[in-house]
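Single-structure report; data block below.
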Amino acid sequence: MRLIALLAPLLLLAACAGTPSRADLPKEAAPHTIYVVQYGWHTALLFDGKDILARSTKLAQDFKDHKYMLIGWGDGGYFVDEDPGVSQAVKALVASDYPALQAGGRATNPPLGVAPGDSIPLAITERGYDQLVAYIDRSIATGADGKPVYLGKRLANLNLFYKGTGNYSLLNNCNSWVVGALRAAELPVSGFNLTARSVFDQARRISELQQADRSGARPE
């Protein structure tokens, strides 16, 4: 997300991360594939539309018939605003009112606006996939009626913003949320990751290890 660039030097110091190894990968079969997508300072997750909509009770209420689904998380005010200013960015980092989860159907991988090298495939297990979808559903806040709380314009079956659960801040940003999602999927993401670069580098390493395992190369 662009607002993170305002405090880039601090984030670079805080973005400590480890290096995943082959021994850290789940030992079970991993039949599902998701993608970590990088947009500058922001990361999000791309899913096969049919797979996630078959499992997510909340998203399935609003979406259907998409080849892919893109899911991301951020500050509720900044994320939803079509033209956020600097003051909104600063407020998001130090006094965010609430987070938002963005979900939208996409026709291509990489999605429009994303370079080919900025979409990294990750294989996950059946259990990991179920846990990941549960993590996403928990990230969508519900009202007293048990239904999702919507933010901004509602573009039915195209792109929606939901009020999110948790708290957005400098130290708990969009990239932190993606790290939580990957850990829910039982992928070995380690360290204190605040930047898109730190998350993406680990995702790339895990992807390389998984591909090497499939080919029999087995790097350490």
Between the OH atom in Y35 and the CG atom in L45, the distance rounded to the nearest 0.5 Å is 12.5 Å

Answer whether the closest heavy-atom distance between the side chains of L46 and M69 falls below 4.5 Å.
-> no

Is any side-chain heavy atom of E186 less than 4.5 Å from a side-chain heavy atom of T125?
-> yes

Should V149 and T142 count as side-chain neighbours, where that means a heavy-atom distance under 4.5 Å?
-> no

Taking side chain as C-beta onward, heavy atoms only, is I136 less than 4.5 Å from W177?
-> yes

Under the ring-ring contact (aromatic ring centres under 6.0 Å, His included) test, residues paired with F47 that sit two or more places apart | none

Value for CZ (R138) from OG1 (T165), rounded to nearest 0.5 Å, stands at 8.5 Å

Any chance the side chains of S207 and Q211 put a donor and an acceptor closer than 3.5 Å?
-> yes

Short side-chain to backbone donor-acceptor contact, S56 and L53, under 3.5 Å | no

Can you check salt bridge (Lys or Arg N to Asp or Glu O under 4.0 Å) on R204 and D201, steps first, answer last?
-> CA-CA 5 Å; R204 182 184 289 111; D201 282 351; 3.1 Å; yes

Heavy-atom nearest pair, Q61 first then P148, reads OE1-CD, 4.1 Å

For A184, does its backbone N or O pair with a side-chain atom of Q131 as donor and acceptor, under 3.5 Å?
-> yes

Exercise: do S21 and D24 side chains pair donor with acceptor under 3.5 Å | yes

Do R183 side-chain atoms and V189 backbone N/O form a donor-acceptor pair below 3.5 Å?
-> yes

Heavy-atom closest contact (W73 atom, C174 atom, distance) = O-CB, 2.9 Å

Taking the side chain as every heavy atom from C-beta outward, state whether I120 and F200 have any pair of such atoms under 4.5 Å apart.
-> yes

Can you check whether I52's main-chain N or O pairs, donor with acceptor, with Y129's side chain at less than 3.5 Å?
-> yes

Salt-bridge present (R214, E208; N to O < 4.0 Å) | no

Output for pair (L112 CG, R106 CZ), nearest 0.5 Å, gives 8.5 Å

Quick one: does L182's side chain get under 4.5 Å of I206's, heavy atoms only?
-> no

Nearest heavy atoms of Q38 and R197, plus distance in Å = OE1-N, 3.8 Å

Under 3.5 Å: donor-acceptor pair, side chain of N175, backbone of L194 = yes

Could you give me the CA-CA distance, side-chain angles and deciding distance for L59 and V133, then say whether side-chain contact (heavy atoms from CB on, under 4.5 Å) is met?
-> CA-CA 10 Å; L59 295 178; V133 174; over 6 Å; no

Is there a donor-acceptor pair under 3.5 Å between the side chain of K58 and the backbone N or O of D137?
-> yes

Nearest non-hydrogen partners of G105 and F63, listed with the distance = N-CE2, 4.2 Å

Minimum heavy-atom distance G40-A196, with the two atoms named | O-CB, 3.4 Å

Between K27 (side chain) and L25 (backbone), is there a donor-acceptor pair under 3.5 Å?
-> yes

Do we see a donor-acceptor contact under 3.5 Å between the side chains of D62 and Y162?
-> yes

With sequence neighbours left out, what residues match Q210 under side-chain hydrogen bond (donor to acceptor under 3.5 Å, both in side chains)?
-> none

Would you say the side-chain atoms of D75 pair up with the backbone N or O of P99, donor to acceptor, closer than 3.5 Å?
-> no

Closest heavy-atom pair, S176 versus L171, reported as atoms and distance to 0.1 Å, is OG-O, 3.9 Å

Gap separating the CG atom of L101 from the OG atom of S139, nearest 0.5 angstrom | 6.0 Å

Less than 4.5 Å apart, any side-chain heavy atom of L187 and any of I124?
-> yes

Close side-chain approach of N159 and Q102, heavy atoms under 4.5 Å | yes

